[in-house]
**Student:** 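For reference, the structure I am asking about is given below.
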There are 2 protein chains.
Amino acid sequence: MLSKGRIIDAAIALVERHGEDALSMRAVAAELDVAVMSLYNHVPSKAALLDGIAHRVMGGLELDEEAGADWKAQARTLIRAFRRVARDYPACMNLIVTHSVELPFGIRPIERALVIAASAGFDGPTSVRVMRAIIAYALGAQLRETDMVKMLDYLPADPAAAFAELDPVEFPHVTALAKELTAHDPESDFEFGLELFIGALDTLPR
Amino acid sequence: MLSKGRIIDAAIALVERHGEDALSMRAVAAELDVAVMSLYNHVPSKAALLDGIAHRVMGGLELDEEAGADWKAQARTLIRAFRRVARDYPACMNLIVTHSVELPFGIRPIERALVIAASAGFDGPTSVRVMRAIIAYALGAQLRETDMVKMLDYLPADPAAAFAELDPVEFPHVTALAKELTAHDPESDFEFGLELFIGALDTLPR
DNA sequence: ACGTAGAACGTACGATGTACGTAAAGTCGC
DNA sequence: GCGACTTTACGTACATCGTACGTTCTACGT
């Protein structure tokens, strides 16, 4: 029997195996050995299928709080939970981030973030702002990471050389830092910005 | 005479008027009173056209440095320059951000950012990290902003009511902050995070 | 046994990107 | 002026996409 759940599973598998461009209703149907239009008995549209993917993937967010940890540790844990699902479903996460899906995170992670912000001593309006800033950073880091990967594809041979060969009087820093600019360690990049952020929150008046 | 420039102009106008979904080769051709395939004499593919749009739009970035300003002011100015083009071409900016285009910013803004970071006293590798973190924030803020707009469309009548009607024992903070969560002032949200960031940079060891 | 609901299916339509061949309009050497 | 060549505009045609619509088949309550 076909079901919305099985369709979403197949779609996720398909996206992770062959990329988001491979996600077509026909491909999903083929994955399930089913006729295309049968899908529409369980999913009203492709957009709804994307929504389903988003909810399934984001539903994997670990929201448990660690007892006894201070708000900074809690915040780190929450953000890293997001990173974890991004690592487990990289292609799907791009789908979710780029095609702006309704309520991408769902309510529960939002509540969790507000709880943490409150426990850090922020008032309501500030908590909302803080949450928004961190969400922006997390989303953007995800985006930037895939941009980076694509860029490294475009410059095959030796990416660092491409930067290094620019005019060093017009672009002194870029040429000097060619190596660093093309080195790609998403995790440490992300952690750097995250600690920057949390440190900044710590200095905020409360 | 047709030209790559005119095609890009038409495409930008089209996107800003009718949204990114309206961007089709046929629509661009119609805008220019020209047959569809004529476009392909000047633009090798739709992807290349997107690239062209990105370069034209991002080329409008104001990179002049203000003499005598300290690095913090310079940084603010650079980031706000990005915000300005996002405000001038909101729909195009979404295209650029979501469809990850090769070298979205070009080299010059990167050089500029590295100059500023160096003038703040950061070493090379740290400068690159700092730049990446801020880029992530700027991209993410843009994304989050349009997600927000879409969300407010989905919840027509009174968006705050939708949040407020959730179970207040399961989501105490969300229900209490319904008003703040649906209030939308992108500029002040962005500035809040930006100042957070710059403040954090200021406390970084150098 | 029979009627009804739901699920699976097949056909078909409009929209999209673009490969390919053709024709007209310059551009150059002579 | 004239032929050779290049550039530009165009039209046709095809594969692929999402999905509206009508039809068949299966399962089940009565």
Side-chain angles (χ1 to χ4, degrees), chain A residues 1-57 91-92 94-96 98-102 150 153-154, chain B residues 1-56 91-92 94-102 150 153-154:
Chain A
M1 254 291 257
L2 217 44
S3 74
K4 183 160 181 174
R6 287 188 57 216
I7 293 176
I8 292 176
D9 288 341
I12 291 178
L14 216 160
V15 168
E16 291 302 332
R17 274 210 316 277
H18 299 105
E20 65 173 286
D21 293 344
L23 178 64
S24 73
M25 299 305 271
R26 283 170 170 85
V28 174
E31 181 94 0
L32 291 167
D33 250 329
V34 145
V36 194
M37 292 313 289
S38 306
L39 304 176
Y40 284 87
N41 285 317
H42 307 269
V43 165
S45 69
K46 185 180 182 179
L49 176 54
L50 289 200
D51 250 53
I53 293 177
H55 280 96
R56 166 79 105 268
V57 169
C92 285
N94 274 314
L95 259 196
I96 296 169
T98 58
H99 304 63
S100 65
V101 54
E102 175 198 13
K150 281 218 178 157
D153 284 357
Y154 278 110
Chain B
M1 255 290 259
L2 217 44
S3 75
K4 183 160 180 175
R6 286 189 58 215
I7 293 176
I8 292 177
D9 288 341
I12 291 179
L14 216 159
V15 168
E16 291 302 332
R17 274 210 315 276
H18 298 105
E20 65 173 283
D21 292 345
L23 179 63
S24 74
M25 299 305 271
R26 283 169 169 85
V28 173
E31 180 94 0
L32 291 165
D33 249 329
V34 147
V36 193
M37 293 312 290
S38 306
L39 304 176
Y40 283 86
N41 285 318
H42 308 269
V43 164
S45 68
K46 186 181 182 179
L49 176 53
L50 289 199
D51 249 55
I53 293 177
H55 279 96
R56 166 80 105 267
C92 286
N94 275 314
L95 260 195
I96 296 170
V97 165
T98 57
H99 304 63
S100 66
V101 55
E102 175 197 14
K150 281 217 179 158
D153 284 358
Y154 278 108

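Chain A is the first sequence line, chain B the second, and so forth, proteins listed ahead of strands; every chain is numbered from 1.
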**Student:** Return the nearest nucleotide to the side chain of A:Ala35; candidates are C:dG17, D:dG11, C:dG10.
**Tutor:** C:dG10
**Student:** Please report the interatomic distance CG(A:Asp21) to CG(A:Leu95), rounded to the nearest 0.5 Å.
**Tutor:** 9.0 Å
**Student:** Figure out the CE/C1' separation between A:Met25 and C:dC13, and round it to whole Å.
**Tutor:** 17 Å
**Student:** In whole angstrom, give the distance that lies between atom NZ of A:Lys46 and atom P of D:dT16.
**Tutor:** 15 Å
**Student:** So, is A:Ser38 close to the C:dA7 phosphate, meaning a side-chain N or O under 4.0 Å from OP1 or OP2?
**Tutor:** no
**Student:** Output the rounded distance in Å from CG (B:Leu2) to C1' (C:dA24).
**Tutor:** 16 Å
**Student:** Please pick, from D:dA13, D:dC10, C:dA8, the nucleotide with the shortest atom-to-atom distance to any side-chain atom of B:Arg26.
**Tutor:** D:dA13
**Student:** Tell me whether B:Arg17 is salt-bridged to B:Glu31, with the criterion being a basic N under 4.0 Å from an acidic carboxylate O.
**Tutor:** yes
**Student:** Kindly say whether B:Leu23 contributes a backbone atom to a donor-acceptor pair with the side chain of B:Lys46 at under 3.5 angstrom?
**Tutor:** yes
**Student:** Between atom CG in B:Asp21 and atom P in D:dC17, what is the gap in whole Å?
**Tutor:** 18 Å
**Student:** Between the side chain of A:Glu16 and the main-chain N/O of A:Cys92, is any donor-acceptor distance below 3.5 Å?
**Tutor:** yes
**Student:** How would you label the contact of A:Val36 with the nucleic acid (heavy atoms, under 4.0 Å): base, sugar-phosphate, or nothing?
**Tutor:** base
**Student:** Which nucleotide sits closest to the side chain of B:Tyr40: C:dG10, C:dA7, C:dT18?
**Tutor:** C:dT18
**Student:** Is the phosphate of C:dA8, meaning OP1 or OP2, less than 4.0 Å from a side-chain N or O of A:His42?
**Tutor:** yes
**Student:** Please state how far atom CE in B:Met1 lies from atom C1' in D:dT6, giving the value in whole angstrom units.
**Tutor:** 12 Å
**Student:** Between C:dA8 atom P and A:Lys4 atom NZ, what is the distance in whole Å?
**Tutor:** 15 Å
**Student:** Assign each of A:Met37 and A:Ala22 to its nearest nucleotide of DNA chain D by heavy atoms, then name whichever residue's nucleotide is nearer the 5' end.
**Tutor:** A:Ala22
**Student:** Okay, side chain of B:Ser38, backbone of B:Val34: is any donor-acceptor separation there less than 3.5 Å?
**Tutor:** no
**Student:** Identify which nucleotide among C:dT16, D:dC10, D:dT19 has an atom closest to any side-chain atom of B:Ser24, counting heavy atoms from C-beta outward.
**Tutor:** C:dT16
**Student:** Calculate the interatomic distance between A:Arg6 atom CZ and C:dA8 atom P; express it in whole Å.
**Tutor:** 9 Å
**Student:** Give the rounded distance in Å between these two atoms: CG of A:Leu39 and P of D:dA20.
**Tutor:** 13 Å
**Student:** Can you tell which of D:dA20, D:dA9, C:dA12 lies closest to the side chain of B:Asn41?
**Tutor:** D:dA9
